[in-house]
Amino acid sequence: MKINLALGPLLFSCLMFSAGAGLYNTVLSLQLLSVGHSSSAVGGVMASYFLGQAAPLFVLPAIVFRFGYVPMFLVFLVILSTCMAVTPFTGNLFLLMCIRFVSGIAMSGLFLISESWINTSVPNAQRGRVFGLYILLSMGALGGSQFLLTFWQGTGNVMLMLSVSFCLIALIPFLLIFRKCAGVGRKVLEKKLLRFRWKGMASLLCPITGIAFGSYFSNAAVYAEKSGYSMTQIGVFVGAAICIGALLQLPVGMISDRFGRWNTLNTALSGTIFVACVMYLAPQSSFWLLCFLSMILGVFINSFYPLSVSIVNDEILTDERVEVSASLLLSFTGGAAIGSLLGGVVIDHFGHEKLMIFLVLVSSVVIISLSIFKLFAPAAPPVCEVCHAPTPLD
């Protein structure tokens, strides 16, 4: 697989800030539980983060067009680092939710720039595998950072500062290329760019798949803690699910390029239902069995978003990448915010094992919607009808 090396600085920065964000999210959830907050409160804090990701997506395309990819990427990294740095000094739950909301805005900007940049730089025939590589690096870093929890020494402040360090390291590649690429991504803003083009069923699937993603990964640490696992086991449980799920996104992308994205997405949804049912019925005392099942579940759930994004980007023109990326992020993160909150409520009121039943129900809704849509949907345009733009750094 040939990847344009000009994407290297972007992919490295995605690797680093994803590691920082992943460690930060889990440590914050565990700290809130340790001081007596309920699972619903933890879910609410995480929901504010996803709401922050969704809220600015109506205006972010205009901002990115005005200032360019590189300057805005640096601005969002600084905002994210600042939010992480002030967290240890915040004791009020409402203020913490506000900080998480702002950090969600920063992450939204980083994702928007990264995904529109990548999708502009690859042809349709390679989009699944290249986007899979992006998910592999970002989600792999997010999951790999969970293993740092094995060094937890009773306070999460050191871990929070480590998260800040990862984000500061992510600044370095863009500081080095700032002068050369400061204008990349700038564009004269026209009224038509403010319209959101909801292309294909994937744009409608993103909110529902976002609910599944948010309900599980936002509450995975809580699920493990309620199952009676130690801090080390929680780190392994969460980290393994994210890492293995991320590592296999590259082959999932290649499979979608070869056998079709709709078929691959349908398989992932069916697999989610099957594994979630097994996890619900599996003995709760068997840690390694549940850990293995969680890894398989992570593969399926992690594939929802990249497959949906690839389906939509196969059908649009190059100059629509930024606003369409914003619409997909808006719908997915909005769903993830709802899922994060609903997952916490399910755990609080029905027990942590019922989270698996919730996943089954959500995935079933997606499969039914997908089946209905495919009966009436027009065929996607051939790959050759969609123009391929060169990498912005070329």
Side-chain angles (χ1 to χ4, degrees), residues 43 132 135 139 143 201-220 222-224 226-227 237-238 240-249 251-253 255-256 259-284 286 288-311 331-332 335-336 338-347 349-375 377:
I135 296 296
M139 294 300 294
M201 184 57 181
S203 298
L204 301 177
L205 287 174
C206 274
I208 311 176
T209 55
I211 291 175
F213 182 92
S215 65
Y216 185 68
F217 282 112
S218 294
N219 294 285
V222 179
Y223 177 89
K226 295 290 186 182
S227 297
F237 182 87
V238 178
I242 298 175
C243 280
I244 299 300
L247 288 173
L248 293 181
Q249 289 313 300
V252 168
I255 290 172
S256 74
F259 298 102
R261 311 206 200 286
W262 290 108
N263 294 333
T264 309
L265 178 59
N266 212 357
T267 301
L269 290 163
S270 301
T272 299
I273 293 174
F274 175 77
V275 176
C277 289
V278 175
M279 287 184 70
Y280 177 72
L281 299 174
Q284 298 297 305
S286 178
W288 291 111
L289 174 60
L290 287 181
C291 194
F292 172 76
L293 292 172
S294 183
M295 288 189 290
I296 304 301
L297 189 62
V299 174
F300 293 133
I301 295 180
N302 271 322
S303 67
F304 290 166
Y305 181 69
L307 287 173
S308 299
V309 168
S310 295
I311 289 171
S331 58
F332 186 81
I338 297 172
S340 177
L341 185 59
L342 290 178
V345 172
V346 168
I347 291 175
H349 294 279
F350 302 101
H352 65 281
E353 67 279 356
K354 296 299 190 297
L355 184 63
M356 298 300 109
I357 301 299
F358 182 76
L359 280 176
V360 170
L361 293 175
V362 173
S363 299
S364 299
V365 170
V366 179
I367 288 181
I368 294 172
S369 302
L370 181 61
S371 300
I372 294 174
F373 175 78
K374 291 185 70 175
L375 292 175

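Quick note: residue numbers are just sequence positions, from 1.
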Participant: Please name the pair of heavy atoms, one in Leu307 and one in Arg261, separated by the smallest distance, quoted to 0.1 Å.
Facilitator: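 Reported closest heavy-atom pair: O-CD, 4.4 Å.
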
Participant: For the CD1 atom of Ile211 and the CZ atom of Phe332, what is their distance to the nearest 0.5 Å?
Facilitator: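 One gets 10.5 Å once the value is rounded to the nearest 0.5 Å.
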
Participant: Roughly how far, to the nearest 0.5 Å, is CG of Leu341 from CG of Asn219?
Facilitator: 9.0 Å

Participant: So Gln249 and Ser303, do their side chains get closer than 4.5 Å, heavy atoms only?
Facilitator: yes

Participant: Do Leu265 and Phe304 touch side chain to side chain, with heavy atoms closer than 4.5 Å?
Facilitator: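 Answer yes - side chains close enough.
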
Participant: State whether the side chain of Ser294 and the backbone N or O of Leu290 hold a donor-acceptor pair below 3.5 Å, judged by distance alone.
Facilitator: no

Participant: Are Phe358 and Phe350 close enough that their ring centers fall under 6.0 Å?
Facilitator: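 So the answer is no for these two rings.
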
Participant: Would you find a donor on one side and an acceptor on the other, under 3.5 Å apart, between the side chain of Asn266 and the backbone of Ile367?
Facilitator: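 Between the backbone of Ile367 and the side chain of Asn266 there is no qualifying donor-acceptor contact (under 3.5 Å).
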
Participant: CD1 of Ile301 to CD1 of Ile296: how many Å apart, nearest 0.5 Å?
Facilitator: 12.0 Å

Participant: Before you tell me yes or no, could you show the steps for Thr209 and Tyr305 under side chain to side chain contact (heavy atoms under 4.5 Å, CB included), namely the whole-Å CA-CA distance, both residues' side-chain angles and the distance that decides it to 0.1 Å?
Facilitator: CA-CA 7 Å; Thr209 55; Tyr305 181 69; over 6 Å; no

Participant: Calculate, to the nearest 0.5 Å, the distance between atoms CD1 and CG belonging to Ile347 and Leu355 respectively.
Facilitator: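 Result: 5.0 Å between the selected atoms.
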
Participant: How far apart are the closest heavy atoms of Ala276 and Leu359, and which atoms are they?
Facilitator: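 Closest heavy-atom pair between Ala276 and Leu359: CB-CB, 4.3 Å.
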
Participant: When you compare the side chain of Ile244 with that of Leu248, does any pair of heavy atoms fall below 4.5 Å?
Facilitator: yes

Participant: Drop me the distance from Leu297's CG to Asn302's CG, to the nearest 0.5 angstrom.
Facilitator: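 So the gap between those two atoms works out to 9.5 Å.
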
Participant: Can you tell me if Thr272 uses its side chain to pair, donor with acceptor, with the backbone of Ala268 under 3.5 Å?
Facilitator: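 Indeed, once roles are kept as given, a pair shorter than 3.5 Å links the two residues.
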
Participant: Anything under 30° is parallel, anything over 60° is perpendicular, the rest tilted; go ahead and classify Tyr223 against Phe237.
Facilitator: parallel

Participant: Quick one: does Ser256's side chain have a donor or acceptor within less than 3.5 Å of a partner on Gly253's backbone?
Facilitator: yes

Participant: Take Val360 and Tyr280 through the test side chain to side chain contact (heavy atoms under 4.5 Å, CB included) and record every step on the way to the result.
Facilitator: CA-CA 10 Å; Val360 170; Tyr280 177 72; over 6 Å; no

Participant: Tell me the closest heavy-atom pair linking Ile273 and Ser364, and the distance in Å.
Facilitator: CD1-OG, 3.5 Å

Participant: When you compare the side chain of Ser215 with that of Leu342, does any pair of heavy atoms fall below 4.5 Å?
Facilitator: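 Contact flag for Leu342/Ser215 side chains = no.
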
